[in-house]
Amino acid sequence: GPPLIAIYLIADIGSVGGGWLSSKFIKRGWTINRSRKIAMLICALAVTPIIFASNVKSLWLAVLIIGIAAAAHQGWSANLFTTTSDMFPRRAVGSVVGIGGMAGALGGATMAVATGYILQSTGQNYTIVFFIAGTAYLVALLIIHLLAPQLDPVEDVEHVPTQLFSVGPLVGFGFVGLIFGSFVGWCTGLLLRVAGQTLFGYMMLAGAIGIGVGIIAAMLFTKNFRNQKTS
């Protein structure tokens, strides 16, 4: 009871503090791009101590580490959702957030199975699970920076790069393919009534196929878009 209450109370601080932090940077004259990404970097770094949570012997020290990580997650989310309104026109914000939420839900289902597989394979050792949790935000921020280096507003499609091997389409379509592929593998495994390592193997195989399909789709999309512009 009390440890769980403490974690949620600490997380509440992050919910408000994350948005306040980037707003404070903007008021100091920083660009939106710099303000959002520095705030997200601070949140991502605040999550990393959770890597050591499985080795902590003190209950309340573990509560503090997990609470700070939960607060940082809330602060991260506040800034992440705001980047959507920073970049996309008002008519598209709902769709973009919906697509992101869908990817998060499918990714969560995949990670739930992966967590079970990892724990089963390591004899209930949570070290790998907490390591993934502690580094995921830094990896995500790197991907965001690669896809949107300046968080430029997406308004004029005439200025969108149309190279056949553009990083944005390849990463974006590949990621969507991974999410949908792993979800299809998960559903297939459930229909076949498999579990554990076999189910995880289905998901990884389908995810790899999904990445390949996504990359091919990105190349076809970019080629078609380029042809439309030139015509």
Side-chain angles (χ1 to χ4, degrees), residues 36-37 40 44 76-77 80-81 83-89 91-118 128 132-133 135-192 194 197-231:
R36 304 287 188 224
K37 289 180 179 177
M40 293 171 73
W76 166 278
S77 299
L80 181 64
F81 281 114
T83 58
T84 305
S85 58
D86 290 335
M87 295 181 61
F88 294 91
R91 64 181 181 276
V93 169
S95 297
V96 174
V97 172
I99 292 171
M102 176 194 66
L106 297 180
T110 301
M111 192 60 203
V113 176
T115 299
Y117 170 72
I118 292 171
I128 297 177
I132 294 173
T135 57
Y137 296 85
L138 291 172
V139 174
L141 182 58
L142 175 61
I143 294 174
I144 291 172
H145 185 68
L146 290 175
L147 294 177
Q150 300 299 325
L151 292 184
D152 294 322
V154 180
E155 294 287 355
D156 188 359
V157 296
E158 294 298 324
H159 294 92
V160 175
T162 57
Q163 291 84 357
L164 190 60
F165 294 99
S166 297
V167 175
L170 291 178
V171 174
F173 277 81
F175 175 74
V176 172
L178 170 63
I179 295 298
F180 273 105
S182 60
F183 181 69
V184 170
W186 179 63
C187 292
T188 303
L190 292 181
L191 290 175
L192 296 177
V194 299
Q197 185 174 355
T198 305
L199 177 60
F200 187 66
Y202 274 45
M203 294 172 65
M204 292 299 99
L205 176 61
I209 295 174
I211 292 175
V213 173
I215 290 175
I216 294 173
M219 296 173 64
L220 294 175
F221 172 81
T222 305
K223 182 177 180 181
N224 181 60
F225 184 67
R226 182 172 55 184
N227 292 338
Q228 289 180 353
K229 286 179 63 177
T230 55
S231 62

dist M111:CE -> T115:OG1 (nearest 0.5 Å) comes out at 3.5 Å
Minimal heavy-atom distance between A44 and L138, with the atoms involved, is CB-CD2, 3.6 Å
Practice problem: Go through the steps for M87 and V96 under the test side-chain contact (heavy atoms from CB on, under 4.5 Å), then give the verdict. | Solution: CA-CA 10 Å; M87 295 181 61; V96 174; over 6 Å; no
By side chain to side chain contact (heavy atoms under 4.5 Å, CB included), L190 pairs with (sequence neighbours left out) W186
Discussion item. Whether the side chain of K37 engages the backbone of L141 through a donor-acceptor N/O pair (distance < 3.5 Å, no angle test) should be reported.
Written reply: no
Inset, instruction - Kindly assign one of parallel, tilted or perpendicular to the pair F200 and Y117, based on the angle between their ring planes and the thresholds 30° and 60°. - result: parallel
| query | Going by heavy atoms in the side chains, are V176 and I99 under 4.5 Å from each other? | reply | no
When the side chains of residues 203-214 are checked against the rest of the protein, which donor-acceptor pairs come out under 3.5 Å, sequence neighbours left out?
none

In this structure, OG1 of T84 is separated from CG of L151 (nearest 0.5 Å) by 10.0 Å
Any side-chain heavy-atom pair of L80 and T83 under 4.5 Å | yes
So OG1 of T135 and CD1 of I132: to nearest 0.5 Å the spacing works out to 7.0 Å
In short, W76 meets A140 closest at the heavy-atom pair CZ2-CB, 3.8 Å
OG of S77 to OH of Y137, rounded to nearest 0.5 Å, is 6.5 Å
So CG of L106 and CZ of F183: to nearest 0.5 Å the spacing works out to 5.5 Å
Taken to the nearest 0.5 Å, the spacing of F175 CZ from I143 CD1 works out to 7.0 Å
So the side-chain hydrogen bond (donor to acceptor under 3.5 Å, both in side chains) pairs with at least one residue in residues 96-113 (sequence neighbours excluded) are T110-S182
